Amino acid sequence: MQRRNFVKLGGAAAALQCLPSIGFSQQGEVFRIGSLTPITGAGSPYGPGMQQAIRLAVDEVNAAGGAGGRKLELFTEDDQTKPDAAVLAAKKLIEVNKVQAVLGTWASGVTLAVMPLTDAAGIIQMNVSGAPTISTLDTKDLVWRFQATNDRFGAAFAEICAKRGFKRPATMAFNNASGLGNVEGFTKVWEKRGGKVAAHVTYEPSRPSYRSELQKILAAKPDVIVMGSYLPDTTIILREWFQSGADNQWVIPGWAANPDLVKALGAEVCEGIISVETVSNEKSTSYAQFDAAFTKATGKAASTNIYAAMAYDMVISLALAMEAAGPKATVEQVNAKLREVSNAPGTAVYSFAEGKTQLGKKAKVNYEGASSKLDFDKFGDATPDFGVFIIEKGQLVRRDVVSITV
Amino acid sequence: MTWIAFANLLINGLIEGLVVALPALAMTLVMGVNRFPNAATGDFLTTGAYAAVAVQMLGGWPLWAAALASMAATAVVSAGSYTLIFRKLAGRPMVSSMLAAIGLGFLLRSLISFFAGHDQRTFDLPLVRAWNFGGVRLLPTDVAIAGIAVLCLLVVFVLIYKTSFGRQLRAVADSADLARASGIRAGGLMLSLWVLVGALSAIGGVLLGMKAIVSPEMGWESLIPAFAAMVLGGIGSPVGAVLGALLLCVAQELAVPLLGPSYKLVLSFVVLALVLLLRPAGIMGRVQLVR
């Protein structure tokens, strides 16, 4: 009897715990957002800042009186940069918290694992992942990407190589979707411009040495090698390349050619490497406002975490779409407005409050984001600008910004 | 393919093979005497590499001194794991020891990433340009790596084939009961074997870290090639493990012009399958059985 009583009590307590949230959600006055960013794991340098940015944007929208007559309510989870953990967390957000949008997935593997859940639930998914397949697997047009695809990184590499007058590029790619996406995007655009790719090597990860791969590619005598790679393999390849004494240039994505690479190899090896990373919409007022708020909240400049600005834009564009869709709009109706409030034509607006005022006057708006101009294509993908950084004396120095047209 | 390209690939293969030979030898020693595949060998490698990194970072020691310190540290870890885990499982079926080894590997890896993080690390080692002999390039670092590996292999072989320690070890490997009956005390012998395995793994880890990078997964990822080399050479045969490692890595590198780098791994397993089909005991397996 004792035990049965305990079970009953426990059950009642659990039921009671659920009550407040049920009561709250029944008011119908909130739009529930789930933040699913990598707080731990490989994405942990970025996830906490992204979560902070989402919170800032939610506060901003609520301070402006909410969107479409509704306040935003935020639930946060850690995706651990692992697909399995992310699926569990997304299930919790969808089934327990009843969120209407899941924002902030970072790794492509995580986004690909979470997409089927959000699609099945008919809710919005926003991410900063690079894998090109995310575009094509998104059949319901509920998935929005705020970072450039690997394909577009490749296109930017081609633009940069052309601008710098390289004639004989060769490509090396890590054998996965991201690495191959980079160099295939490069090859497509480079050949469309009438250029030729001297050699291509796809390599397997976790090798103790890449000398034979290098030997193969250097035999084609390239003037530049375009990479689709990660930090560990890049470290080994560049060390062996330097030791072998070749003198070609390198174009490497920013997640591999970063201060950690310089730390591992030293300034001499890294001298002159061209590192390419997307950059925020730095000249916009939206970025200035976000930078100020982010710096105040975290003590770090927004430029230290490009994904934070993207996460911020997720909430603002979502809120503008809610405002445009009007009160009591369904998730589907809100989703349908996302392109309209972000893309041209329309009055350029730089904050939620500005957009809300314009929408109140029945004007069309075009949100110019903190992360990019934020124009979504037919796949729901935005294309930020690319910064061209050259490593000089161990420092990454920005020399150029290129935009690509898709 | 010119002979110069061929020679370069051959050199790559030999050096990679020597790096793989150390963990393969460590694994085959345990397999021969304790009769289970020590799946934690890879993580002993990682332990060794991280110990050396730690000593370099904290003490600012040169790499050779850090490597010696890491040999001692890893030997303690290895002997400790034998005393605490594998000795207690000695009478059980092979699977229980193997599963315990997998678990131990996970534990070591988690401890390392908990304390050192997931970021890659490198040894403080000067970069030197390659010597160029008319197109045949030789990296001084690689020469050092090969030299150290060969030296370690020689030391181990002298220990096994020329000392009473080795004779007792081989006696236990042949028949533990018979060895005990003839007065060999297995306790201290086993402990020395695991000290040797730990020290050997530590050097393997340092060499791998010199060539590549130091990360929590480095050893685990090199476990499969080492395992393949051990099987190819004939399970339990020290000479076989070294020959197997060299053969696999050279075959892999020489396949690059034919198959391309993405498929060279496949070829090494084709070699493995072929040898096992033609010689089920592995290259040196029979010798071991006859003796």
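Throughout, a chain's letter reflects where its sequence line sits, starting with A, and its residues are numbered from 1. The shown structure was predicted, so the numbers you read here are calculated from the model rather than taken from an experiment.
Atom CG of B:N8 and atom NZ of A:K216 lie 15.5 Å apart (nearest 0.5 Å). For the atom pair B:R137 CZ and A:L214 CG, the distance stands at 11.0 Å (nearest 0.5 Å). The OG atom of A:S244 sits 9.5 Å away from the CG atom of B:N132 when rounded to the nearest 0.5 Å. Atoms CD and CG, from B:Q120 and A:D233 in turn, are 9.0 Å apart once rounded to the nearest 0.5 Å.
More than 12 heavy-atom neighbours from other residues, nucleotides or ligands sit within 6.0 angstrom of CD on A:E191. Around the NZ atom of B:K211, the shell of radius 6.0 Å holds more than 12 heavy atoms that belong to other residues, nucleotides or ligands. Heavy-atom contacts from other residues, nucleotides or ligands closer than 6.0 Å to CZ of A:F242 number more than 12. Heavy-atom contacts from other residues, nucleotides or ligands closer than 6.0 Å to CZ of B:F123 number more than 12. Around CZ of B:F133, the count of heavy atoms belonging to other residues, nucleotides or ligands within 6.0 Å exceeds 12. By the neighbour-count criterion of 12 heavy atoms within 6.0 Å, atom CH2 of B:W61 is sparsely surrounded, having that number or fewer from other residues, nucleotides or ligands.
For B:V128, the part lying under 4.5 angstrom from a heavy atom of chain A is the backbone only. With a 4.5 angstrom heavy-atom cutoff, B:L265 touches chain A only via side-chain atoms. Proximity to chain A is absent for every atom of B:D124, based on heavy atoms less than 4.5 angstrom apart. When heavy atoms are compared at a cutoff of 4.5 Å, B:S215 does not approach chain A at all. Of the two parts of B:L208, only the side chain, counted from C-beta on, holds a non-hydrogen atom closer than 4.5 Å to a non-hydrogen atom of chain A. Neither the backbone nor the side chain of B:S222 comes within less than 4.5 Å of any heavy atom in chain A. In this structure, chain A has a heavy atom under 4.5 Å from the side chain of B:N12, while its backbone stays farther away.
Ion pairing between a basic and an acidic side chain is recognised when a charged N comes within 4.0 Å of a carboxylate O; B:E16 and A:R207 show such pairing.
One side chain, A:Q243 or B:T141, offers a donor N or O that lies under 3.5 Å from an acceptor on the other.
Side chains of B:L127 and A:R239 form a contact here, defined as non-hydrogen atoms less than 4.5 Å apart. At least one side-chain heavy atom of B:K264 sits under 4.5 Å from a side-chain heavy atom of A:E213. With a 4.5 Å cut-off on side-chain heavy atoms, B:E253 and A:Q215 do not count as touching. Taking 4.5 Å as the limit, every side-chain heavy atom of A:S206 sits out of range of all side-chain heavy atoms of B:E217.
Side chain of A:T202 to main chain of B:S262: no donor-acceptor pair is present (N/O by atom type, distance under 3.5 Å, no hydrogens or angles).
Nearest heavy atom pair, residue B:A212 against residue A:P208, reads CB-O, 3.7 Å.
Note: A:I236 leads A:V269, A:I237, A:I236, A:L265 in heavy-atom pairs under 4.5 Å with chain B.
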